[in-house]
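Structure first, commentary second.
In the text below, chain A, chain B and the rest are named by the order of the sequence lines, each starting its count at 1. Note that these values count all heavy atoms, side chains included, but never hydrogens, waters or copies made by symmetry.
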Amino acid sequence: MNYSMLFPNHDVPKFYRRLFEGICKQELFNELQGDLEEEFHLNVEEFGIKRARSIYRSEVMKMIRPSILKKTKLNNTLNFSAMFKINAKLALRNLVKHKLYTFINIGGLAISLGVCMLILFYVKSEVSYDNYHPNKDRLYRVALDRFYPDHTSYYALTPFSMAEQAAIDFPEVEAFCRIFPGFGINVTYDNETFLENGLKAADKNFFEVFGIKLLDGTKEEIFSVQNAVVLSQSTAQKYFGQETPIGKIIKSGLGDLIVTGVAEDTPQNTHFQFDLLLNIELLNFLQTPNFLNFSVHNYLLLKEGVDPELINKKYVDLVEQYAAGQIERSQNISFADYKASGNGYRYYLQPIQDIHLKSQLEAEFEVNGNITYIYIFLSIAIFIVALAAVNFINLATARSTERAKEVGIRKVLGSEKKQLVSQFLIESVFVSVSGMVIAVGLVLLIIPAFNGFTEKSIMLSDYITPMNVGAVALFSLGLGIIAGIYPAFVLSSFQPVTVLKGKLISSKNGSWIRNGLVVFQFFISIVLICSTLIVGQQMNYLQDRNLGFDRDNVLVIERAFSVPDLETFKTEVSKIPGVNSIGGASAMPGSGIYFGASFRQDGMNEAVALNCAVFADDYLETMNMELAKGRSFSKDFQDTLALMLNESGARALGIADDPIGKRISNVQGGNNPNGDITYQVVGIVKDYNYKSLHTEITPMAIFSSESAQGGNVGNLALKIDPLQATAIVDQVRAIWSVQAPNETYVYSFLDYSLNELYLAEKKSGNLFFIFTGIAIWIACIGLFGLATFIIGSRIKEIGVRKVLGASSAKVVFLLVSDFNKLIFIAIILAIPVAIWVMGQWLEGFAYRIDMVDTWVSFCIGGIVSLLVAWITVSYHSIKAAMSNPVRNLRTE
Amino acid sequence: MKGTHLGEFQEVALLTILVLGNEAYGVSIKQEINKNVNRAISRGALHTALTRLEEKGYLTSRQGEANAERGGRPKRYYEVTNKGKSVLTEAKETRDQLWSKIPSVRLELQYALS
């Protein structure tokens, strides 16, 4: 509270002065405030403004004593205060008397509010991504829709010069910054070597464009030398401990790096993270002007008030101007023809704050969230609170028969309607407020587990602000009033004469509302059950889908290029017992980096861009991938000029019918127009999912490790005996440490890595599952309570039926069938809604279950909800049906 | 608290008002007490004491002038009534009587020798 800025002439804290005026007796205020103010000014002179204010504040707080406090209205109007007290007392007695009812209400409310709060925390942390950058509203990332003749790919990674040229050519651009996504390198300091995977490289103005704080070093000078590196705080701690990191030299695969700065650890709510940040100029391979090859994430800071659409339009011209030439040189066709054949580039700007939730492109820094889940979670939060509120209304109206006599007597004794309404409202507000208090307690208990589950670091203390506390208090008050208002008016409008005569008992009045609310509850529950089941179905489908290769029992040795003599290494490893076969590839399915190359069938003019990988001999066999035609690379052949394609690749090149033996040129273009290398297609691999199942299989070409593209084969895949997995991992480590003593040994299991691709879905799916369970549970306890009262009111009817000869089973059936009708209506309403919602969700998957196949889920959902309802209701039904009719009828 | 009993703090307040004479109002009383008795009291606590004393008839008060320092709010000056003065004297006499009855030797501070 900076008052000195607002009130340069040293005034007392405004809020406290107002507070004092509010609480102080009118006739005393002038005198006391005068004294306080005079003293305040004396204190200002003596101790300074800050101390004086704090004294003033504490003086005001000490004024809270009976001789000074204003008499409140409650105390003033004796009558009202007495009424309030008696109402509160009655409400409390009522709640204590009906323990089950109170438990259902308060417990249900507490759990639903707790869940609601957790969801809100989760959502809050998801939407807070990248909200801390200084010019976040003007900061954009350049993304690309790349059109190919037969498909479209969506990239977050764009060519190196895209932002730079935009900054030069477009006056609307204020600044640009590029981030290179990085790779793993070994870093050595003081004889200790670490494998660093959190490497990124960026332009000089990184710390001006992004809001990540530089703790040590100066923003302008961090990258004034080429081999500069900025470390994150925890990385610096790891290498240097208590020493000053600035100026230290660390050794790495990229040469010696000099530490010029230490940055705070990248805030968790950022769409990228880094441990080491290099000067992008150090990466020589990036430095040539390039408008074609995707290499970096480009960011643009636009000037104030510029519409990003304008830049999107300008990018069309930029592509024509700069990229077209490069394409023409490399592809040997005019850009117009190239576009006519279905190729195209559409660059566009993504607001930086949208990246985490709305961008699911290829080559994102990390798996992003999904805005759909945010909406789903928010609706679940609302549903759950609605369910609890419905319980409340339902139970209150259902109990009206029971409370009718109380109302009658009170009216006879002179209660006004207003007073009765206020009594019922006080009761419901009490329930909702205590529900909220318990909810906060529950959240406190659950938050650590919830954080572990969602991998977030939500701190409750971050949310305890006067604003939020006020909002929560208001909300619980409002909820109590909303939930209580209907029962309050129904109950208080009873005619005392009818009620006391015992006529009213036909609680049919509110029954349609009650039934409607039960239908509503079950409608929501069924939608949730069906949706959860469908989510499960889809996840299983992804898990079990034939990916086109074996995912199980494959041990992947990463960074195999670190071993100087790979052949010896492979021979040694293949000797380990339990290793069935061994194959190498530049990229493993799902995780790899594929490079692009253009191919042209001999005699044709047009080139096609394909994703490329390099396979060593035996890779296909190790991964159990199927060949559609031809042969795979093998020791028996000289494969320098042999090429394999996947089925889509063969189609893209137009040689799907008879591919084997076809001659395909790898178009070099650029500086080397005559350097095209002609390959012969030797085999066609059946399409397998080499990325994730979110995207469709795209055309791919496979070079042999013996070819010019071969070089290193980064990953070795070992097909192993699962029983000996641990031993094999250790034995490979031993061999590795002999052959590549200074390199870090990194391994993974393929099925784990593949599951990582669907982690976001899996996590959300689990959350979804839990929330659904809670929603159903809340609906059930509501139904349970309702059944208690409804059956209670029919107990005499049951007695009469039994006296007249109905069997217990018949009576149970009768009671349950009432509820059946409601559940059936709910099922009929719920199914179309669930179909629609889940259809939307499934859209996000390239490979998804057929909606028709989800009928199982709907059947199960319907049956489960019926069963749950029966079980809930049957307890009371059976108890009522089994009871002795004599006892039930005796009082009449 | 009821009746004529004079609490210790109330006695201090009355004496302070007498010390201050015509200048006894909230701030000055508070400062004087803080200075002489070496204890920090709040204005609120002082108000309670003054109200009690006024109820018992030991004090009268009148509204005084206002000034800018006080945000234009008037002061309230307090004055000890005759009843107040007599109750103070009474209290002092009671105390003196007690004092005079104490043999001087018992008043010497005793220190343990071991």
Side-chain angles (χ1 to χ4, degrees), chain A residues 3-4 6-72 75, chain B residues 1-2 5-7 9-10 13-14 16-17 20 22-79:
Chain A
Y3 289 95
S4 60
L6 293 168
F7 303 98
N9 57 346
H10 293 177
D11 221 336
V12 298
K14 212 173 164 189
F15 172 75
Y16 282 85
R17 195 191 63 79
R18 288 229 186 101
L19 176 74
F20 184 39
E21 188 165 3
I23 60 171
C24 180
K25 275 180 195 156
Q26 197 96 53
E27 65 272 22
L28 294 177
F29 177 71
N30 265 340
E31 173 202 344
L32 291 175
Q33 172 61 18
D35 278 0
L36 288 187
E37 222 162 286
E38 183 181 342
E39 215 183 351
F40 173 79
H41 289 295
L42 291 174
N43 286 337
V44 170
E45 276 163 38
E46 196 170 339
F47 306 114
I49 183 78
K50 232 174 147 181
R51 178 84 194 282
R53 283 211 176 100
S54 106
I55 293 175
Y56 181 86
R57 284 195 286 267
S58 89
E59 282 284 350
V60 167
M61 292 323 281
K62 284 175 188 161
M63 287 291 183
I64 300 179
R65 53 185 74 233
S67 61
I68 293 171
L69 281 187
K70 207 182 254 179
K71 293 275 183 282
T72 60
N75 298 334
Chain B
M1 292 290 235
K2 288 274 158 65
H5 172 75
L6 195 60
F9 181 59
Q10 290 173 355
L14 279 181
T16 308
I17 291 165
L20 288 167
N22 282 336
E23 277 307 311
Y25 69 102
V27 178
S28 65
I29 299 172
K30 190 180 159 206
Q31 283 180 339
E32 196 65 26
I33 293 179
N34 286 352
K35 207 161 67 195
N36 292 333
V37 191
N38 194 19
R39 110 177 152 194
I41 55 155
S42 73
R43 181 63 184 83
L46 180 64
H47 172 84
T48 308
L50 294 178
T51 319
R52 287 271 150 69
L53 290 169
E54 213 171 346
E55 278 167 11
K56 289 175 191 169
Y58 301 155
L59 279 180
T60 55
S61 65
R62 62 184 165 84
Q63 210 166 28
E65 81 283 13
N67 64 22
E69 278 278 272
R70 304 172 53 86
R73 299 177 208 282
K75 294 173 181 172
R76 176 166 294 276
Y77 286 103
Y78 291 90
E79 209 178 326

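Only the side chain of L28(A) comes within contact range of chain B, judged by heavy atoms closer than 4.5 Å. Neither the backbone nor the side chain of I29(B) comes within contact range of chain A; no heavy atom of the residue lies under 4.5 Å from a heavy atom of that chain.
Residues satisfying the ring-ring contact (aromatic ring centres under 6.0 Å, His included) criterion with F9(B), sequence neighbours excluded, are absent altogether.
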Using only the distance criterion (under 3.5 Å, no hydrogens considered), which donor-acceptor pairs connect chain B with chain A?
residue, atom, partner, partner atom, Å
Y25(B), OH, E38(A), OE1, 3.2
Y25(B), OH, E38(A), OE2, 2.3
K30(B), NZ, E39(A), OE1, 3.0
K30(B), NZ, E39(A), OE2, 2.6
K30(B), NZ, E59(A), OE2, 2.5
R43(B), N, E59(A), OE1, 2.8
R43(B), NE, D35(A), OD2, 2.8
R43(B), NH2, E31(A), OE2, 3.4
R43(B), NH2, D35(A), OD2, 2.8
G44(B), O, R65(A), NE, 3.4
T48(B), OG1, S67(A), OG, 3.3
R70(B), NH1, D35(A), OD1, 2.7
R70(B), NH1, E38(A), OE1, 2.7
R70(B), NH2, E31(A), O, 3.3
R70(B), NH2, D35(A), OD1, 3.0
G71(B), N, E37(A), OE2, 3.4
R73(B), NH1, N30(A), OD1, 3.2
R76(B), NE, E31(A), OE1, 3.3
Y78(B), OH, E31(A), OE2, 3.1

